[in-house]
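Scroll down for the structure; my scribbles are underneath it.
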Amino acid sequence: MAAGHLVASLLNPSASPVLAVGSTVIDLTPTPLKEYAVREFGTADKAVLLSSVIGVTLLLAALAGVIARRSFLLAAALLLGLVAVAGAMAMLRPVAEGVDLLPAVAAAVVGLSVLWWAVRALGAPASKPRILLGDHAPSRRGVLIGSGVVAALSVAAAVGGQAIIKARTAIGNIKLPMAAKPLPPLPEGVEASYGGISSFITPNSKFYRVDTNLTLPVIPLDDWRLTIDGDVGEKLSLSFDELLDLPMIERDITLTCVSNEVGGKYVGAARWLGVPLKDLFAMAGGVGDEADQILSTATDGFTISTPLAVALDGRDAMVAVGMNGEPLPAEHGFPARLITPGLYGFVGATKWLSKLTLTTYAEKQAYWTKRDWATDAPIKVSARIDTPKPLDTIGSGKTVIGGVAWAQHRGVGKVEVRIDGGAWQEARLGPDAGVDYWRQWYLPWEATEGRHMLAVRATTMDGEVQTAARTSPFPAGSSGIQETVVSVR
Ligand SMILES: Nc1nc2c(c(=O)[nH]1)N[C@H]1C(S)=C(S)[C@@H](COP(=O)(O)O)O[C@H]1N2
Ligand SMILES: [Mo]
């Protein structure tokens, strides 16, 4: 496994045996099971998955070791079978090339060599003729030392592979252009005065990350192109430099994941720099009258579909290259991603973007569409309590209840807090950065001793009150209002 990972790190990290098997499991997992995993493990779901793959592989390899003492051939066949599964999975990824078989080949060669050595070093069972042993007598010490060396080399190969991947996905020096009409800096948020409330701008390093990838794609900038094809006047293909030369817009937009539970943390707010979709479509000779879907494809073959009518209804949907004044971080889609204000990320925020195809829902279905998620998924109005934290114990006296609320593309008109089932009290709102951006909110509170139940709800500027009716994330986003309990001493 480690040898395969090291070889993959030099070629294509996603062809690493463990990662290829893990990715295939992700793709094949039925939606209810995936919902369960996300709910139970959150973003640790991938660590759980990879540990399981590694654990099962080690168990099967150990089994091969036991079998090898009776029949080397049978054990070798088992190991080869394991590696073949990994190799096949690597070759069946959406974007696979011949070299993606090499990590499995490396795993096979190293795996068989270690098995051969181990059988030789341990010696055949007393009942069997020692054909494999030659003149060597088995030595317990030699086996222990040898096993230690194999284990140490494995760890070194795995760690080395990770370091190589990290270096290859690092972003070089890129100078972003200015927006045609730069926005003034955002006003200071209320987090400075009321600790515990999410900062008005989410720093890139703290921005939530959600995707199906087990490893970041390696994208050499010189090879990268953005293609626009399908139902357009003329296919368009742009290099990164050509994209950067186009007139840019700058917008403050809050991104939310459809998997976010009420009160959850899969939401972040940033200033995005990019080229409006409508400009790109105009450059491609305009959209024909057949298309009803923008199918975007990432460099690794992952797809997202966005309703064409929604993306072009006047909102600032864009191909973004900048996030909070920096190039997109690798985790957030470098070199370019889609941003569609008002839609959950899974229908409008394709990272590591490589192609936009104008097509129809009848003709082509994206990754999540095939898994029965909604095709048009506007973000639901929602408010979250950041402070006091659920189940916290705080001191009595003057404090604030505070958090953030969002209703992208419609704007937050009002946030209300309810304490111990009393009347809804209107909270104060932080600065306004437009309807696509979240609002901070806070309510001064004279906390008295005892247990208290806090609830919050937001109302959109056009008057929709956040519903108390609970739904789970599948298939179009969670709803309900957050209620938490705090203790005051
Ligand atoms: N290529 C790719 N883009 C993707 C995804 C993905 O799995 N692969 N996940 C989407 C989802 S579900 C969300 S919520 C957003 C999250 O963007 P972020 O990780 O930058 O916060 O990216 C979207 N873009
Ligand atoms: Mo998402």
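Everything quoted here is computed from the prediction, not taken from an experiment. Note that ligands are numbered from 1 as they come in the structure, with each ligand's atoms numbered from 1 the same way.
- The distance criterion of under 3.5 Å between nitrogen or oxygen atoms is met by H332 with respect to ligand 1.
- Note: no N/O pair closer than 3.5 Å links T256 and ligand 1 by distance alone.
- Considering backbone and side-chain N/O atoms, K351 comes within less than 3.5 Å of an N/O atom of ligand 1.
- By the criterion of a heavy-atom distance under 4.0 Å, both the backbone and the side chain of Y208 are placed next to ligand 1.
- When non-hydrogen atoms are compared, ligand 1 lies under 4.0 Å from the side chain of F207 (C-beta onward) but not from its backbone.
- Counting heavy atoms closer than 4.0 Å to ligand 1, residue C257 contributes atoms from both its backbone and its side chain.
- Remark: minimum distance from atom 2 (C) of ligand 1 to any protein heavy atom is reached at F302 CD2, 3.4 Å.
- Without hydrogens or angle criteria, W272 side chain to I253 main chain gives a donor-acceptor distance under 3.5 Å.
- Panel note: side chain T459, backbone V465; no donor-acceptor pair is recorded below 3.5 Å.
- With hydrogens and angles ignored, the 3.5 Å screen pairs a side-chain donor or acceptor of T303 with a backbone N or O of Y367.
- Here L255 has side-chain heavy atoms under 4.0 Å from ligand 1, and that is the only part of it that gets that close.
- Of the protein's non-hydrogen atoms, V210 O, 3.6 Å is the one closest to atom 16 (C) of ligand 1.
- Residue contact annotation: A349 has a non-hydrogen atom under 4.0 Å from ligand 1.
- Of the candidates M323, R209, R337, the one placing a heavy atom closest to atom 17 (O) of ligand 1 is R337.
- A side-chain contact (heavy atoms from CB on, under 4.5 Å) with Q293 is found for one member of D231, T375, T359 and no other, namely T359.
- Aromatic ring pairs are classed by plane angle as parallel below 30°, tilted from 30° to 60° and perpendicular above 60°; the pair Y266 and Y208 is tilted.
- Using a 3.5 Å distance cut-off with no hydrogens or angles, the side chains of R384 and S198 do pair a donor with an acceptor.
- Side-chain contact, S479 with T471: a donor N or O sits under 3.5 Å from an acceptor N or O.
- At a 3.5 angstrom cut-off on N or O pairs, T212 counts as close to ligand 1.
- In this structure, I304 is part of the shell of residues with a heavy atom less than 4.0 angstrom from ligand 1.
- For ligand 1, the polar-atom distance check against G345 finds no nitrogen or oxygen pair separated by under 3.5 Å.
- A perpendicular orientation is assigned to the rings of F200 and Y437, their planes being inclined by more than 60° (bins at 30° and 60°).
- Both tests do not hold together for R337 against W352: distance to the six-membered ring centre under 6.0 Å, angle to the ring axis within 45°.
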